[in-house]
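We're numbering straight along the sequence, starting at 1. Atom set for the values below is all heavy atoms of this structure, side chains included, hydrogens, waters and symmetry mates excluded.
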Amino acid sequence: MSKRSHHHLTELGCIACEDLTEFGAGKEGWLAPDAGTTVLCALDAHSLAIANRSVVLIIGWSDSDEPRVKIRPELSPIEAERITAIEWLVFDDIKVIAIGTSRGFLLMYSLRGDLIHRQMVYHGQIIKLRVRGTKKDLMQDISSEDVCVVMPGVIARFDGSDIRSMLQRWFQETHSRFWDEKSNKDLEDDGNSDNRLPYQIWNVNKYGSCVDAAITGIMPPPLMELQSSQRYYCAVTIGDDAVISAFRLSEDRKRSLVGVILSKVMPVTFSTIASFSKMIWRSEPTPTSKPEEKLQSFARASSLTCLKDYPRKGEKLTLSPSGTLAAITDSLGRILLLDTRALVVVRIWKGYRDANCFFMEMLVNRDDKRASSSYHVPGKSDYCLCLAIHAPRKGIIEVWGA
């Protein structure tokens with residue numbers, strides 16, 4: 001990749017508003033990655049979602065007249081539940097905001113702030129929500145194909161078609177019950193928590209708990225395994241013990257040893273403990289509480305490769321739109337460009353501590369296109385994939401292209 005420099009800036013929009021003061025706007029370093037004042041952001045073609053521990057603010061950055069929406073999810077104060085991840089989900093004309101919490105809940109809200117869906121994924125903090133999709137046009141939003149939920153040592157996948165069907169049903173029911181205030185209130189308060197979305201979940205902590213992960217796409221089955229209709233996915237994880245790890249994820253749950261342990265041994269253990277507790281405290285009344293959601297068992301995850309290089313630790317993972325490349329930053333100030341198909345590091349940058357990476361598309365040969373035709377409309381072939389690197393200690397932003 002070669003470095004390219006541009007000196008032309010175009011104003012796209014403005015997000016300045018009084019509502020940002022709740023997130024610390026106006027104070028020095030309010031967007032700095034500090035553990036105590038972490039601000040989460042999710043950007044799409046028209047809107048910006050920004051969140052702190054308990055509030056999500058939706059701002060239309062391309063249209064200053066678009067109303068701003070504040071979302072305050074119902075979080076558990078007893079367990080100090082907080083917002084830990086946000087991401088946009090776009091399905092043609094349907095756009096919602098997804099929220100992950102520190103207790104492992106996945107929430108979906110409409111642009112009006114209505115709760116659409118609430119579901120427990122797994123016990124633990126949701127580190128990241130990732131969307132892998134296709135873009136029909138360069139000026140359109142990305143249409144979600146699948147949603148990846150990343151947790152310490154665990155990765156889950158929701159199929160985009162299942163989420164799309166659920167959202168379509170919710171919007172249709174909301175529209176049909178528009179004149180029924182009671183039904184509409186019930187939808188906003190409870191969401192669609194009774195209808196659980198199907199998903200797959202895998203345990204990927206073989207080389208230690210991961211700090212970030214991503215499902216990069218579909219991969220072929222093992223050579224010595226019989227062909228079947230099930231799909232296999234490739235997952236890349238980064239962490240403290242292993243800088244980079246890769247796994248083949250299977251949809252098959254029958255041969256998952258961890259899944260068998262969780263589904264067979266753990267329920268028996270907790271049942272025995274509960275029975276013993278009842279014998280001791282027989283006189284105490286049984287509290288009436290909502291039963292916990294039944295968690296899905298793990299499917300099989302097979303290790304493909306692992307890179308251990310103590311004391312180097314993986315810190316951040318950025319995936320390209322197609323999933324074929326991944327930029328990984330580590331604790332030694334290096335950036336590794338990983339080919340996720342070959343699972344080979346193809347480029348290393350050094351001296352970029354605390355760097356942030358972002359894959360973007362850049363228009364190539366723009367002057368030649370204008371000279372050849374004044375009516376030329378850039379197509380997808382006129383753009384190339386580039387990697388933008390923000391090096392805060394150097395105070396620069398670099399854009400590297402092929």
Side-chain angles (χ1 to χ4, degrees), residues 35 38 40 51 53-54 73-87 98-109 115 117-130 146-159 162-163 190-215 235 237-241 245 247 249-251 253 256-277 286-301:
T38 300
L40 306 171
R53 297 172 63 92
S54 60
E74 185 178 346
L75 306 174
S76 172
I78 299 177
E79 301 188 34
E81 187 178 12
R82 66 189 187 279
I83 298 172
T84 54
I86 58 172
E87 188 56 83
I99 300 173
T101 76
S102 58
R103 292 181 60 206
F105 280 94
L106 175 64
L107 314 175
M108 298 183 192
Y109 284 84
L115 176 61
H117 187 74
R118 183 177 186 270
Q119 178 171 338
M120 164 73 79
V121 181
Y122 192 73
H123 294 301
Q125 175 179 328
I126 294 180
I127 302 173
K128 183 93 64 175
L129 296 173
R130 293 185 180 276
D146 58 27
V147 177
C148 174
V149 180
V150 182
M151 310 175 77
V154 174
I155 190 167
R157 176 189 176 273
F158 289 81
D159 192 274
D162 295 328
I163 300 178
D190 298 334
N192 195 18
S193 58
D194 294 335
N195 300 326
R196 287 176 54 83
L197 287 169
Y199 66 100
Q200 297 98 30
I201 187 168
W202 298 271
N203 187 316
V204 290
N205 67 348
K206 181 177 181 179
Y207 303 106
S209 181
C210 62
V211 299
D212 203 351
I215 295 178
T237 69
I238 62 173
D240 295 342
D241 298 326
S245 303
F247 296 85
L249 308 179
S250 169
E251 293 181 334
R253 284 183 289 169
S256 173
L257 179 60
V258 179
V260 172
I261 294 175
L262 289 179
S263 61
K264 301 296 183 183
V265 179
M266 297 300 287
V268 175
T269 304
F270 284 112
S271 177
T272 304
I273 296 175
S275 301
F276 184 70
S277 300
T286 303
T288 58
S289 60
K290 187 177 180 180
E292 292 187 2
E293 296 187 41
K294 184 178 180 180
L295 298 179
Q296 187 161 306
S297 59
F298 287 118
R300 185 178 54 167

Does a side-chain heavy-atom distance below 4.5 Å link [X] with [Y]?
{"X": "H123", "Y": "M151", "result": "no"}
{"X": "I99", "Y": "P73", "result": "yes"}
{"X": "I238", "Y": "V211", "result": "yes"}
{"X": "V149", "Y": "L129", "result": "yes"}
{"X": "F158", "Y": "V121", "result": "yes"}
{"X": "Q200", "Y": "L249", "result": "no"}

Are the side chain of [X] and the backbone of [Y] linked by a donor-acceptor contact shorter than 3.5 Å?
{"X": "W202", "Y": "R157", "value": "no"}
{"X": "E81", "Y": "S76", "value": "yes"}
{"X": "T237", "Y": "A213", "value": "no"}
{"X": "Q119", "Y": "L197", "value": "yes"}

Which atom names give the shortest non-hydrogen contact between [X] and [Y], and what distance separates them?
{"X": "R118", "Y": "R103", "result": "NH2-NH1, 4.4 Å"}
{"X": "G208", "Y": "D241", "result": "CA-OD2, 3.5 Å"}
{"X": "A156", "Y": "I215", "result": "O-CD1, 4.5 Å"}
{"X": "I127", "Y": "C210", "result": "CD1-O, 3.8 Å"}
{"X": "N203", "Y": "A301", "result": "O-CB, 3.7 Å"}
{"X": "V204", "Y": "V154", "result": "CG2-N, 4.0 Å"}

Rounded at 0.5 Å granularity, tell me how far OG in S102 sits from CZ in R53.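 That separation rounds to 8.0 Å.
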How long is the span from the CZ atom in R196 to the CG atom in D162, to the nearest 0.5 Å?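 Interatomic distance, R196 CZ to D162 CG, rounded to 0.5 Å: 12.5 Å.
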Anything under 30° is parallel, anything over 60° is perpendicular, the rest tilted; go ahead and classify F247 against Y207. tilted
Applying salt bridge (charged side-chain N to carboxylate O under 4.0 Å, His left out) to R130 and not counting sequence neighbours gives D212
All salt bridge (charged side-chain N to carboxylate O under 4.0 Å, His left out) counterparts of E87, not counting sequence neighbours: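 E87 satisfies salt bridge (charged side-chain N to carboxylate O under 4.0 Å, His left out) with no other residue.
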is_close_aromatic(Y199, Y122), centroid dist under 6.0 Å: no
Given V150, T84, T101, the one that forms side-chain contact (heavy atoms from CB on, under 4.5 Å) with I126: T84
